[in-house]
Amino acid sequence: MRYFQPDIETMPLPKLRQLQSERLRRLTAYLYERVPFYKQQLDEAGIRPSDVSGVESLHKLPFTRKHHLRGHYPFGLFAVPQQEVVRIHASSGTTGKPTVVGYTRQDIAVFSEVVARSLVAAGCQPGMKLQNAYGYGLFTGGLGLHYGAELLGMAVIPISGGMTDRQLMLLQDFQPEAISCTPSYAQALAEQLDKRGIGLEKLKLKIAILGAEPWTEAVRQQVEVGLGVDAINIYGLSEIIGPGVSNEDFEEKGSGSYIWEDHFFPEVVDKDTGEPLPEGAFGVLVFTTLTKQAMPLLRYWTNDITSIYYEHSKKRTHIKMGPIRGRSDDMLIIRGVNLFHTQVEEIISYFGHLSPNYQLIVSRNGALDELEVKVEVEPSFHRGLVLAGPWAEAAANNPTLHAMHHELAKKIKDNIGLSMRVSLCEPGSIPRSEGGKLSRVVDLRKK
Ligand code: DLL
């Protein structure tokens, strides 16, 4: 068994609970003393730090939400003097000011530690090379993976996102065993290798560490075949620390990602009532940072929808989370039906001749919302088709495509309860990730 920190990763649950409880007690007192926002929040809820006996008291504490971070822009929630802050990151929102986070030297040490743990879980080892194609900058992906990989003893190739020609050159010339990037960019790289006729025997890649956006088993399949790797999930968010809040184990692929519970205490709550939900139920993921110094957060409402559960027979004692279904603020409400784009992606994945490259286009026709799903057919299937003339016309006249079109529209209607316009497209016609997060939904109603 490979671990970065066996004592912590396999700590018996009663001992882990004790550690978490001690840390939570310390954290509550620390925030009450140092951050006026938290003093006010706790006072308003009628809670004194001494009322918090351990993690079983957590549900009494108020949530922290993104608008609280925005309302204290830029540094209003920092709990340490400015001279103790050694790094600042920010995530850009869709509107207005970014969400700002700060780190002390100790926070960076914890950040590196959880990323190193995550990399070992992904199958990485000291001595391997990591092509780090997450963006460097205010985004936590680039520097987060960088420090964690160095701590583990990997050689980091800090290429950042994008510049596909150079990525492909270094993959061949530097022979890294691992790559880290968004799943949509891994798809784009796999496609380019194929397009340029670069055979996998020219690469040494074994592991891809993918995260920062939702992805499905169909994408895993495409990336694993296209890059010749084990594709492993890494999850995180800037507000909590960055990447490395949870990670999949390479020997337990598809069964969820271990949350590093000694640092980040997870809860899943009902998205409407905020009530804690039992293990296995779907709801909003909420984290309390147990060890952060510069900007710790109590019960941070991530907006990410998933479930958490223990798998007692597995390698580690820490709790696992399933894949993120979507963010509750990204949920589309179309003619009264709630929809995450990953639901459409899952249906598409049952069609062997359709690729995981798709886009949802939402528009408004009078008072009515309309939805179109554009999806590319698989390149190999496409090569086998005999089509004459422009694609759209030829596709409409092709009986196989016509039947597939029909079947997809029906499956969507049956499973989701919504009628959507379906457009099958030529390979390469839907925008690809240029190195960062890819938006699968184009909402023309907001324009
Ligand atoms: O995306 C941190 C990160 C970098 C994670 C590199 C993994 C790899 P933010 O920009 O603050 O931070 O965005 C956080 O991205 O709340 C999720 O909605 C989404 N997200 C992150 N990882 C995953 C994942 C980084 N593995 C937001 N699966 C989170 C699904 C993910 N969604």
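We count residues from 1, following the sequence as given. As the structure is a computational prediction, the values presented were derived from the model and not from experiment.
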Check your understanding: Does the side chain of E376 reach to within under 4.5 Å of the side chain of Y358, using non-hydrogen atoms?
Key -> no
Study note, to complete from the structure: Sequence neighbours excluded, the answer for salt bridge (Lys or Arg N to Asp or Glu O under 4.0 Å) partners of R335 is none
Review point. Is the F37 ring parallel, tilted or perpendicular to the H68 ring (thresholds 30°, 60°)?
Key: tilted
Exercise for review: Output yes when a side-chain donor or acceptor of R70 lies under 3.5 Å from a complementary backbone atom of T99, and no otherwise.
Suggested key: no
Check your understanding: Is the number of heavy atoms from other residues, nucleotides or ligands under 6.0 Å of K374 NZ greater than 12?
Key -> no
Determine all donor-acceptor pairs shorter than 3.5 Å in which one atom belongs to a side chain in residues 124-132; sequence neighbours excluded.
| from | atom 1 | to | atom 2 | distance (Å) |
| --- | --- | --- | --- | --- |
| Q131 | NE2 | Q167 | O | 3.2 |
| Q131 | NE2 | Q167 | OE1 | 2.8 |
| N132 | OD1 | Y134 | N | 3.4 |
| N132 | OD1 | S180 | OG | 2.8 |
| N132 | ND2 | Y136 | OH | 3.0 |
| N132 | ND2 | G142 | O | 2.8 |

Review point. Should V268 and V286 count as side-chain neighbours, where that means a heavy-atom distance under 4.5 Å?
Key: no
Exercise for review: Just jot down the ring pair (Phe, Tyr, Trp, His ring centres under 6.0 Å) partners of F340, sequence neighbours excluded, or say none.
Suggested key: none
Point to revise | Step-by-step salt bridge (Lys or Arg N to Asp or Glu O under 4.0 Å) determination, D249 to R2 | key: CA-CA 10 Å; D249 184 283; R2 296 191 208 139; over 6 Å; no
Check your understanding: Going by heavy atoms in the side chains, are L290 and H263 under 4.5 Å from each other?
Key -> no
Check your understanding: Looking at N247, L285, T306, which one forms a side chain to side chain contact (heavy atoms under 4.5 Å, CB included) with Y235?
Key -> L285
**Study point:** Side-chain touch R445/D369, heavy atoms, less than 4.5 angstrom
**Key:** yes
Review point. Hey, does Q359 have a side-chain heavy atom less than 4.5 Å from the side chain of V373?
Key: no
Check your understanding: Between L298 and T64, is any pair of side-chain heavy atoms under 4.5 Å apart?
Key -> yes
Review point. Can you name the residues that form a side-chain hydrogen bond (donor to acceptor under 3.5 Å, both in side chains) with R17, not counting sequence neighbours?
Key: Q20, E261, Y310
Practice item. Check the side chains of E44 and Q40 for a donor-acceptor pair under 3.5 angstrom, ignoring hydrogens and angles. Key: yes
Check your understanding: Who passes salt bridge (Lys or Arg N to Asp or Glu O under 4.0 Å) against K253, sequence neighbours left out?
Key -> E224, D230
**Study point:** Residues in side-chain contact (heavy atoms from CB on, under 4.5 Å) contact with A281, at least two apart in sequence or another chain
**Key:** L277, P278
Check your understanding: Under 6.0 Å from the CZ atom of R364, do we count more than 12 heavy atoms belonging to anything else shown?
Key -> yes
Exercise for review: Decide if atom CD of E22 counts as having more than 12 heavy atoms of other residues, nucleotides or ligands within a radius under 6.0 Å.
Suggested key: yes
Exercise for review: Say whether S257 and K320, considering side chains only, have a donor N or O and an acceptor N or O under 3.5 Å apart.
Suggested key: no
Practice item. Could you tell me which residues satisfy salt bridge (Lys or Arg N to Asp or Glu O under 4.0 Å) with D414, sequence neighbours excluded, listed by chain and number? Key: K410
Study note, to complete from the structure: Sorted by chain and number, sequence neighbours left out, side-chain contact (heavy atoms from CB on, under 4.5 Å) with K413 holds for S419
Check your understanding: Any donor and acceptor pair, going by atom type alone, linking the side chain of E248 with main-chain N or O of G254 inside 3.5 Å?
Key -> yes
Check your understanding: Is it true that K204 and E177 have a side-chain N and a carboxylate O under 4.0 angstrom from each other?
Key -> yes
**Study point:** Results of salt bridge (Lys or Arg N to Asp or Glu O under 4.0 Å) for E84 - residues two or more places apart only
**Key:** none
Check your understanding: Are there more than 12 heavy atoms of other residues, nucleotides or ligands under 6.0 Å from atom CZ of F75?
Key -> yes
Point to revise | Electrostatic pair E9:R316 at N-O distance under 4.0 angstrom | key: yes
Review point. Which residue pairs satisfy the side chain to side chain donor-acceptor pair (under 3.5 Å) criterion with at least one member in residues 25-34, sequence neighbours excluded?
Key: Y32-D43
Exercise for review: For S112 and E150, test the side chains for any donor-to-acceptor distance below 3.5 angstrom and give the result as yes or no.
Suggested key: no
Study note, to complete from the structure: residues 271-290 vs side chain to side chain donor-acceptor pair (under 3.5 Å), sequence neighbours excluded, gives D270-T273
Practice item. State, with a plain yes or no, whether a side-chain heavy atom of K292 is found less than 4.5 Å away from one of V110. Key: no
Check your understanding: Is I347 close to L408 at the side-chain level, that is, under 4.5 Å between some pair of heavy atoms?
Key -> yes
Practice item. Just jot down the side-chain contact (heavy atoms from CB on, under 4.5 Å) partners of N303, sequence neighbours excluded, or say none. Key: W301, R327, S328, D329
Exercise for review: May I ask you to check whether Q222 and S355 show a side-chain donor-acceptor distance below 3.5 Å?
Suggested key: no
